[in-house]
2 protein chains.
Amino acid sequence: MESSVPSGCADAKSCERQLTECGIRPTPQRVRIASLLLSQPQHLSAEQILATLRAAGARVSKATVYNTLNLFADHGLIRLLCVDGTRAWFDSNVGPHYHFHCLSTGALIDVPVPEVAFSRLPAAPPGTEVAGIDLVIRLRKKM
Amino acid sequence: MESSVPSGCADAKSCERQLTECGIRPTPQRVRIASLLLSQPQHLSAEQILATLRAAGARVSKATVYNTLNLFADHGLIRLLCVDGTRAWFDSNVGPHYHFHCLSTGALIDVPVPEVAFSRLPAAPPGTEVAGIDLVIRLRKKM
DNA sequence: TTCCTTGCAAAACTTTTGCATTAAA
DNA sequence: TTTAATGCAAAAGTTTTGCAAGGAA
């Protein structure tokens with residue numbers, strides 16, 4: 001039988017396990033942030049995470065949210081996206097994929113890898129190697 | 001015979017003409033910024049532009065640099081890039097192209113269109129249309 | 001005169017940092 | 001006991017804005 005998990009929240013115990021496996025000490029704040037972010041593939045800003053946690057009654061500081069998000073990103077638990085210049089977005093989907101970005105609404109939508117294929121890519125310049133490919137397909141609302 | 005232009009600077013007269021054609025009044029500050037940026041394909045930050053102009057003895061304020069860059073971008077004269085989260089980069093190459101971004105050095109290098117080919121791209125979600133495609137190939141120094 | 005542009009300073013925002021306090025190993 | 005994590009406030013950095021002054025049409 002499937003274990004049930006509160007909506008919008010991954011199981012705290014499994015998050016604890018995941019953090020420990022990454023060598024990250026599972027403090028209460030970190031587990032809460034992980035539970036929120038890793039519950040499903042999504043894109044959240046630091047401010048959104050802070051507001052959501054506080055609305056839920058958690059005691060967390062802004063500094064801890066930023067520290068934790070950077071820590072998670074360094075360990076490959078989440079991915080930091082630079083899509084618009086206004087702020088960072090943290091993506092809980094760390095598998096390879098691309099993005100739609102709607103210029104009209106700001107919406108950010110995942111594009112699965114199989115939906116994109118490159119028939120030609122440039123070689124990395126001498127002395128360098130490719131570390132990753134970020135593809136953002138900008139959208140606008142059709143009139 | 002070719003007309004000669006100071007290195008790192010497009011001809012002021014031709015910049016004036018270009019601004020006028022776009023419906024932008026060619027004020028001294030705008031012409032200086034255009035001359036600097038449009039002299040060649042390059043990526044500059046607002047702060048770099050401000051520092052360069054002031055070092056050259058120009059009287060320009062930070063607000064004017066930002067206002068002007070946003071104005072140019074709105075008119076399609078330059079392109080605003082979001083490559084890292086730290087600041088905006090203004091690209092004088094407005095033709096279609098992509099970018100290498102070296103994570104080790106921060107360098108930003110143009111990738112011409114013919115070096116990339118997509119054999120498969122997703123359809124835009126209902127009600128939207130594709131406004132553009134941003135491709136950033138992240139590099140790291142090879143050891 | 002009227003409208004637009006500029007410069008300056010201040011404000012607005014996001015993110016980082018210093019440091020005392022608290023909690024955990 | 002020793003190390004690491006947290007909260008708070010302040011700092012740092014980029015970009016925007018308000019407003020008075022200046023310049024062009």
Side-chain angles (χ1 to χ4, degrees), chain A residues 12 15-16 19-37 43-54 56-75 77-91 106 108, chain B residues 15-16 19-20 22-37 43-54 56-75 77-91 106 108:
Chain A
C15 282
E16 255 188 69
L19 294 183
T20 305
E21 279 166 16
C22 288
I24 298 174
R25 187 194 300 178
T27 67
Q29 285 83 352
R30 289 173 179 172
V31 173
R32 295 198 79 144
I33 293 172
S35 296
L36 170 58
L37 199 41
H43 315 98
L44 295 175
S45 69
E47 210 57 47
Q48 285 179 328
I49 291 170
L50 183 63
T52 302
L53 293 184
R54 287 192 167 163
R59 173 184 161 82
V60 208
S61 70
K62 188 185 289 192
T64 296
V65 169
Y66 276 101
N67 286 342
T68 301
L69 291 171
N70 287 333
L71 183 71
F72 286 3
D74 289 345
H75 283 76
L77 226 48
I78 59 178
R79 183 171 142 193
L80 198 162
L81 301 180
C82 309
V83 168
D84 56 61
T86 67
R87 82 206 64 218
W89 293 99
F90 296 89
D91 191 343
L108 209 47
Chain B
C15 282
E16 254 188 68
L19 294 184
T20 304
C22 287
I24 298 174
R25 186 194 300 175
T27 66
Q29 285 84 351
R30 290 173 178 171
V31 172
R32 294 199 79 143
I33 294 172
S35 296
L36 170 58
L37 200 41
H43 316 98
L44 295 175
S45 68
E47 210 58 45
Q48 285 179 329
I49 291 170
L50 183 63
T52 304
L53 292 184
R54 287 193 167 161
R59 171 184 163 82
V60 208
S61 71
K62 189 186 287 192
T64 296
V65 169
Y66 276 101
N67 286 343
T68 301
L69 291 171
N70 287 333
L71 183 72
F72 286 3
D74 290 345
H75 282 78
L77 226 49
I78 59 178
R79 183 170 144 194
L80 199 161
L81 301 181
C82 309
V83 169
D84 57 62
T86 66
R87 84 205 65 215
W89 293 99
F90 296 89
D91 190 344
L108 209 46

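All heavy atoms count here, side chains included; hydrogens, waters and symmetry mates do not. First the proteins, then the strands, lettered A, B, ... as listed; each starts at 1.
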**Q** Quick one: label B/Gln29 by what it contacts on the DNA or RNA (base, sugar-phosphate, nothing), any heavy atom closer than 4.0 Å.
**A** sugar-phosphate
**Q** From the 5' end of DNA chain C to its 3' end, which nucleotides mark the outer limits of contact with chain A, defined by a 4.0 Å heavy-atom distance cut-off (strictly under)?
**A** C/dT14 to C/dT17
**Q** Kindly give the heavy-atom pair with the smallest separation between B/Glu16 and B/Pro26, and that separation in Å.
**A** CG-CB, 3.8 Å
**Q** Tell me every residue that passes side-chain contact (heavy atoms from CB on, under 4.5 Å) with A/Ala56, counting only those two or more places apart in sequence or in another chain.
**A** A/Arg32
**Q** Is there side-chain contact between B/Asp91 and B/Ile78, with heavy atoms separated by less than 4.5 Å?
**A** no
**Q** Where do A/Val31 and A/Ala12 come nearest, in terms of heavy atoms and distance?
**A** CG1-O, 3.9 Å
**Q** In whole angstrom, give the distance that lies between atom CG of B/Leu50 and atom P of D/dT15.
**A** 12 Å
**Q** Could I get a table of every N or O pair under 3.5 Å where one atom is in the protein and the other is in nucleotides 19-25 of chain D?
**A**
none

**Q** Between B/Leu69 and B/Leu37, does the side-chain contact (heavy atoms from CB on, under 4.5 Å) criterion hold? Intermediate values first, please.
**A** CA-CA 10 Å; B/Leu69 291 171; B/Leu37 200 41; 3.7 Å; yes
**Q** By a strict heavy-atom criterion of less than 4.0 Å, which residues belonging to residues 62-70 of chain A are in contact with DNA chain D?
**A** A/Ala63, A/Thr64
**Q** List the steps, then state whether side-chain contact (heavy atoms from CB on, under 4.5 Å) holds for A/Leu19 with A/Arg25.
**A** CA-CA 7 Å; A/Leu19 294 183; A/Arg25 187 194 300 178; over 6 Å; no
**Q** Assign B/Ser45 to base, sugar-phosphate, or nothing according to its heavy-atom contacts below 4.0 angstrom with the strands shown.
**A** nothing
**Q** Would you work out how much the helix from C/dT1-D/dA25 to C/dA25-D/dT1 bends between its ends, with each end axis defined by five base pairs, to 10 degrees?
**A** 20°
**Q** Evaluate the side-chain proximity of A/Leu81 to A/Phe90: yes if any heavy-atom separation is below 4.5 Å, no if none is.
**A** no
**Q** Which whole-number value in Å describes the distance from B/Leu71 CG to D/dT16 C1'?
**A** 15 Å
**Q** Using 0.5 Å steps for rounding, measure from the CG atom of A/Asn67 to the NZ atom of A/Lys62.
**A** 13.0 Å
**Q** Looking at side-chain heavy atoms only, is the closest gap between A/Tyr66 and A/Leu50 below 4.5 Å?
**A** no
**Q** Can you check the B/Leu81 CG to D/dT15 P distance for me, whole Å?
**A** 12 Å
**Q** Applying side-chain contact (heavy atoms from CB on, under 4.5 Å), can you list everything that pairs with B/Asp74, at least two apart in sequence or on another chain?
**A** none
**Q** Map B/Val60 and B/Gly85 onto DNA chain C by nearest heavy atom, then report which one ends up closer to the 5' terminus.
**A** B/Val60
**Q** Drop me the distance from A/Thr64's OG1 to A/Ile49's CD1, to the nearest 0.5 angstrom.
**A** 12.5 Å
**Q** Pair B/Cys82, A/Val83 - check side-chain contact (heavy atoms from CB on, under 4.5 Å), show working.
**A** CA-CA 6 Å; B/Cys82 309; A/Val83 168; over 6 Å; no
**Q** Write down the atom of A/Leu44, the atom of A/Gln48, and the distance for their closest heavy-atom approach.
**A** CA-OE1, 3.3 Å
**Q** For the pair made of CZ in A/Phe72 and P in D/dA5, what is the distance, rounded to whole Å?
**A** 11 Å
